[in-house]
**Student:** 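Below you will find the structure I want to go over with you.
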2 protein chains.
Amino acid sequence: MQKVDTKTKILNAAEQLFAERGYADTSLRLITSQAEVNLASVNYHFGSKKELIQAVLARYLEVCAPSLEQSLAVLNKSDVPFTQHDVFNCLLAPLLELNTFRHRGTSIFLQLLGRGYIENQGHLRWFITTHYGKVLTAFNKAVQDANPDLSKEEIFWRLHFTLGTVVFTMASSKALIDIAKADFDVDVDIEGLIKRVVPFISSGVSAGGTLP
Amino acid sequence: MQKVDTKTKILNAAEQLFAERGYADTSLRLITSQAEVNLASVNYHFGSKKELIQAVLARYLEVCAPSLEQSLAVLNKSDVPFTQHDVFNCLLAPLLELNTFRHRGTSIFLQLLGRGYIENQGHLRWFITTHYGKVLTAFNKAVQDANPDLSKEEIFWRLHFTLGTVVFTMASSKALIDIAKADFDVDVDIEGLIKRVVPFISSGVSAGGTLP
DNA sequence: TTATATTTAAAACGTTCGTTTATCAAAGGA
DNA sequence: TCCTTTGATAAACGAACGTTTTAAATATAA
């Protein structure tokens with residue numbers, strides 16, 4: 001049995017609890033007791049709770065961001081026209097790749113991202129933006145090219161609607177999956193959830209103008 | 001100048017702060033200082049913070065729920081077929097009606113609802129469900145009738161996606177409106193936001209099956 | 001080995017929170 | 001009138017939190 005150092009034990013326990021309960025509702029005492037390390041070691045290794053949160057996210061961003069950038073770059077460099085469906089597919093592969101990086105990695109990452117957006121903590125918004133700026137710009141460009149009929153402003157709104165859909169779905173994915181099991185006796189995992197949400201948001205983004 | 005009693009002053013200050021900052025991030029001390037009343041009066045008049053939160057929501061539910069029920073009942077009793085667009089329009093009028101009940105009432109109510117869903121406080125989920133059970137059932141039936149090709153399970157998922165879109169949009173409406181003003185120099189109010197989100201979710205709910 | 005740096009451990013600090021208590025003023029009814 | 005109820009106010013309570021301090025233990029290098 002390999003020895004896992006304290007820093008990693010903290011990160012593993014923290015990402016699980018942050019995803020399940022949110023950042024504010026997860027105390028350092030809960031994390032350290034779950035990780036079976038001392039309370040003070042969080043501040044020793046990470047400096048503060050804020051920096052721990054950023055470190056938890058950083059582990060995923062380091063894996064995900066380059067993969068996403070490359071995927072979008074291929075699409076944007078291409079000469080053949082592409083659809084909104086292609087754009088979302090660009091996101092899908094790098095996101096699902098996180099499941100090989102860690103068990104339930106995709107779900108955890110999207111939940112962490114969602115919690116960060118929902119809990120109004122400026123430092124996280126800033127942290128994500130600085131690490132995701134290039135990806136977001138590339139993604140925005142791809143969506144514009146896929147929907148030449150939509151104004152930039154319309155795209156702005158619809159991408160935020162999309163973000164809301166995904167973030168909310170992931171943040172409450174556990175509850176949704178449990179309800180689906182109880183009400184419809186179906187087993188849905190995170191991949192099944194994504195497969196169901198993509199048609200929804202694809203159709204929404206490419207929808208016609210304001211209803212008559 | 002009419003005298004406003006302490007209870008109402010607390011409710012007014014609380015709903016504003018809850019909508020802006022969320023329930024957990026709004027302390028009773030902030031509420032009572034804003035309302036210019038004594039700290040202990042919250043527990044005197046409402047019993048606890050939980051009950052204050054429920055009282056804040058109740059003021060809106062009492063106005064909104066009957067109106068929504070009636071609106072949906074008319075639709076469900078009708079013999080002529082209706083579309084998804086009609087269903088959402090059923091929600092629109094009672095929701096916008098809240099703007100006459102209170103300044104920015106629609107926005108505040110949807111934000112309160114969204115915060116309640118996002119902040120995983122069981123008592124609020126329970127409170128909303130018991131007060132909204134009939135409306136939700138009627139709404140669900142209307143959506144099924146408007147989309148006979150979709151299975152109940154598919155509708156279940158898409159309605160939760162819709163909920164996520166609306167809730168997230170409303171919870172961050174202030175930020176979104178500010179960004180839109182800065183980036184596109186447009187003034188969007190809550191009504192404009194709804195007009196933009198309805199095509200998105202309408203198209204999403206009625207979308208075709210899983211993408212190939 | 002000794003000396004130095006790193007990591008763990010326990011305890012306490014200072015703050016904020018929801019809630020409770022104790023006291024007092026005002027109002028209402030018999 | 002007196003007495004009870006209702007409401008307002010200041011003060012304090014106990015718990016939980018992030019963080020800091022202090023000291024001991026462990027690893028590293030000379």
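The figures that follow rest on heavy atoms only: side chains count, while hydrogens, waters and symmetry mates do not. In what follows, chains are A, B, ... by sequence order, proteins preceding strands, each numbered from 1.
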**Student:** Hey, what's the ring geometry for Phe18(B) with Tyr23(B), parallel, tilted or perpendicular (30° and 60° as the breaks)?
**Tutor:** tilted

**Student:** Mind calculating the distance between CD (Glu51(B)) and P (dT19(C)) to the nearest angstrom?
**Tutor:** 9 Å

**Student:** Hey, mind stepping through Lys174(B) and Gln111(B) against side chain to side chain contact (heavy atoms under 4.5 Å, CB included) and telling me if it holds?
**Tutor:** CA-CA 10 Å; Lys174(B) 185 166 168 26; Gln111(B) 285 186 62; 5.9 Å; no

**Student:** What's the shortest heavy-atom distance between Glu36(A) and Lys9(A), and which atoms?
**Tutor:** O-NZ, 4.1 Å

**Student:** Quick one: what's the B/S/- string for nucleotides 12-26 of chain D, heavy-atom cutoff under 4.0 Å, read 5' to 3'?
**Tutor:** B----BBBB------

**Student:** Would you please classify the geometry between the Phe139(A) ring and the Phe88(A) ring as parallel, tilted or perpendicular, with 30° and 60° separating the classes?
**Tutor:** tilted

**Student:** Starting from C1' on dG7(D), measure out to CD on Glu36(B) and report it in whole angstrom.
**Tutor:** 18 Å

**Student:** Going by the rule ring-ring contact (aromatic ring centres under 6.0 Å, His included), which residues pair with Phe168(A) if we only count those two or more places apart in sequence or in a different chain?
**Tutor:** none

**Student:** Just the rounded figure in Å: distance from C1' of dT6(C) to CZ of Phe46(A).
**Tutor:** 16 Å

**Student:** Scan side-chain atoms only and decide if Asp5(A) and Thr8(A) contain a donor-acceptor pair under the 3.5 Å cut-off.
**Tutor:** yes

**Student:** Is His45(B) near enough to dT6(D) that one of its side-chain N or O atoms lies under 4.0 angstrom from OP1 or OP2?
**Tutor:** no

**Student:** For dA8(D), does OP1 or OP2 lie under 4.0 Å from any side-chain N or O of Thr6(B)?
**Tutor:** yes

**Student:** Could you check how far CG of Asn38(B) sits from P of dT9(D), rounded to whole Å?
**Tutor:** 6 Å

